[in-house]
Amino acid sequence: MQVRRLHDWPATVAEAEAIQQRFRPLVELDEPGPDQVELVAGLDVAYSAGDERVTAAVVVLRVPALEVVERVVVSRPVRFPYVPGLFAFRELPALVEALEKLSTTPELLICDGYGLAHPRRFGLACHLGVLAGLPTIGVAKTAFIGTYQTPAPERGSWSPIMDGDEVVGRSLRTRSDVKPVFVSQGHRVGLDNACRHVLRLTPAYRLPEPIRQADHLSRTGQDA
DNA sequence: GCGACAG
DNA sequence: ATCTTGTCGC
């Protein structure tokens with residue numbers, strides 16, 4: 001599939017922040033987004049050689065069967081330090097490259113990390129969504145910004161993630177009695193819809209199947 | 001000013 | 001993220 005190249009990759013923190021400020025207005029958050037989708041892609045990256053190489057993986061699944069349609073793995077040198085709020089710049093180059101090698105075009109992207117729930121409202125999921133021009137959802141495993149109440153223990157229960165007066169995402173229980181995940185809007189998907197998709201894609205484990213499989217693939221390099 | 005801080 | 005053994009529980 002095609003991914004728009006809207007800017008060059010930054011070399012400094014100041015450049016990276018400027019890019020986030022500049023492209024944040026392109027994020028679309030008001031539409032409810034797709035209800036039914038057939039092809040969903042999960043994306044994740046793994047680091048190796050002591051933080052010197054990054055391996056990105058994309059796994060496309062067919063919904064609702066969750067059968068694998070396509071897998072892509074890309075490895076390259078890391079070219080940006082880890083800075084909270086800017087970690088998209090470590091992972092995006094490899095993720096974009098992996099997306100471009102896809103022979104199919106998914107209708108929805110699920111990323112490992114945050115979207116709207118970000119210091120400048122432009123986390124990885126927003127950034128990737130804008131570049132790919134596709135509905136995108138962010139699913140993170142640990143807290144970042146904002147505050148939230150622990151959701152009830154049953155699968156499906158949730159509580160809003162608040163940053164001041166703003167709702168920036170949800171802490172969502174994808175499995176009963178298991179630590180919740182953090183869902184936030186990326187691009188062209190409403191928060192309600194995002195959580196519905198995440199639950200539908202999470203039949204057995206804590207993480208949505210597309211991300212879980214991409215995670216596995218990024219570490220092993222080959223078949224899951 | 002001091003800590004916390006997606007992966 | 002990554003470095004790592006054993007261990008509790010379904």
Side-chain angles (χ1 to χ4, degrees), chain A residues 9-10 13 16-17 19-20 24 27 42-59 73-99 109-131 136-148 153-155 160-164 166-172 174-187 191 194 198 203-208 210-221:
Chain A
W9 300 118
V13 165
E17 290 179 342
I19 287 173
Q20 293 185 327
R24 170 175 61 179
V27 177
L43 304 89
D44 193 20
V45 303
Y47 297 90
S48 56
D51 230 40
E52 295 193 356
R53 288 192 74 77
V54 58
T55 300
V58 181
V59 176
V73 185
V74 164
S75 185
R76 56 144 64 209
V78 175
R79 48 174 301 187
F80 202 86
Y82 172 69
V83 179
L86 298 179
F87 101 95
F89 296 99
R90 309 191 86 194
E91 314 204 332
L92 273 180
L95 287 172
V96 165
E97 214 175 284
L99 275 183
L109 306 180
I110 314 287
C111 320
D112 189 59
Y114 286 92
L116 222 214
H118 174 276
R120 286 168 293 281
R121 301 291 181 267
F122 197 70
L124 174 67
C126 298
H127 203 146
L128 188 63
V130 166
L131 296 184
T136 305
I137 298 169
V139 178
K141 299 181 291 297
T142 62
F144 184 28
I145 65 156
T147 58
Y148 64 96
E154 299 78 35
R155 165 182 157 96
I161 299 172
M162 305 296 298
D163 188 19
E166 283 181 77
V167 174
V168 293
R170 280 181 196 168
S171 172
L172 175 67
T174 51
R175 285 197 68 183
S176 296
D177 302 311
V178 171
K179 187 179 198 277
V181 298
F182 303 88
V183 178
S184 57
Q185 299 174 73
H187 186 54
L191 188 51
V198 167
Y205 301 94
R206 178 183 178 224
L207 294 177
I211 288 189
R212 209 178 70 81
Q213 295 199 25
D215 176 88
H216 186 179
L217 184 56
S218 69
R219 310 193 199 214
T220 61

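Within every chain, numbering begins at 1; the chains are lettered A, B, ... in the order of the sequence lines, protein sequences first and strands thereafter. Computed over heavy atoms, backbone and side chain alike; hydrogens, waters and symmetry mates excluded.
- Distance from the side chain of A:Tyr114 is smallest for B:dA6 among the nucleotides C:dA1, B:dG7, B:dA6.
- As judged by a 4.0 angstrom heavy-atom cut-off over every strand, A:Gly138 is placed among residues making no nucleic acid contact.
- Contact annotation for A:Leu124: base contact, defined as any heavy-atom pair under 4.0 Å involving a base atom.
- At whole-Å resolution of the value, CZ in A:Arg206 and P in C:dC10 are 20 Å apart.
- Note: CD (A:Glu52) to C1' (C:dT2) measures 13 Å, nearest angstrom.
- Protein atom CZ of A:Phe87 is 10 Å distant from nucleotide atom P of C:dA1, rounded to whole Å.
- B:dC5 atom C1' lies 12 Å from atom CZ of A:Arg120, rounded to whole Å.
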Self-check item: From CA spacing to verdict: side-chain contact (heavy atoms from CB on, under 4.5 Å), A:Ile110, A:Leu43
Solution: CA-CA 6 Å; A:Ile110 314 287; A:Leu43 304 89; 5.8 Å; no
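- Contact annotation for A:Leu86: base contact, defined as any heavy-atom pair under 4.0 Å involving a base atom.
- Distances shown here put every side-chain N or O of A:Arg90 at or beyond 4.0 Å from the OP1 or OP2 atom of B:dA6.
- For B:dG7, one of the phosphate oxygens OP1 or OP2 lies less than 4.0 angstrom from a side-chain nitrogen or oxygen of A:Lys141.
- Between A:Arg219 atom CZ and B:dG7 atom C1' there is a gap of 11 Å when expressed in whole angstrom units.
- At a threshold of 4.5 Å between non-hydrogen side-chain atoms, the residues A:Gln20 and A:His118 count as touching.
- Checking A:Glu91 against A:Tyr82 by side-chain atom types alone, no donor-acceptor pair falls below 3.5 Å.
- Within the 4.5 Å cutoff, the side chain of A:Leu109 has no heavy atoms near those of the A:Ile137 side chain.
- Screening A:Ile211, A:Asp215, A:Asp112, A:Val181 for a side chain to side chain contact (heavy atoms under 4.5 Å, CB included) with A:Lys141, the sole residue that qualifies is A:Asp112.
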Taking Watson-Crick and G-U wobble contacts under 3.5 angstrom, with | marking pairs to another strand and [ ] crossing pairs, the secondary structure of DNA chain C is written ..........
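- A sub-4.0 Å separation between OP1 or OP2 of C:dA1 and a side-chain N or O of A:Tyr82 is absent.
- The nearest whole Å value for the distance from the CG atom in A:Asp44 to the C1' atom in C:dT2 is 13 Å.
- Aromatic pair A:Phe182/A:Tyr148: centroids less than 6.0 angstrom apart.
- Residue A:Ala117 is out of contact with every strand shown, counting any heavy-atom pair closer than 4.0 Å.
- Spacing between atom CG of A:Leu207 and atom P of C:dA1 amounts to 10 Å, rounded to whole angstrom units.
- A 4.5 Å side-chain heavy-atom check between A:Val139 and A:Leu172 finds every atom pair outside the cut-off.
- To the nearest angstrom, C1' of B:dG7 lies 16 Å from NE2 of A:His127.
- Look at A:Thr142 and you'll find a side-chain N or O under 4.0 angstrom from OP1 or OP2 of B:dG7.
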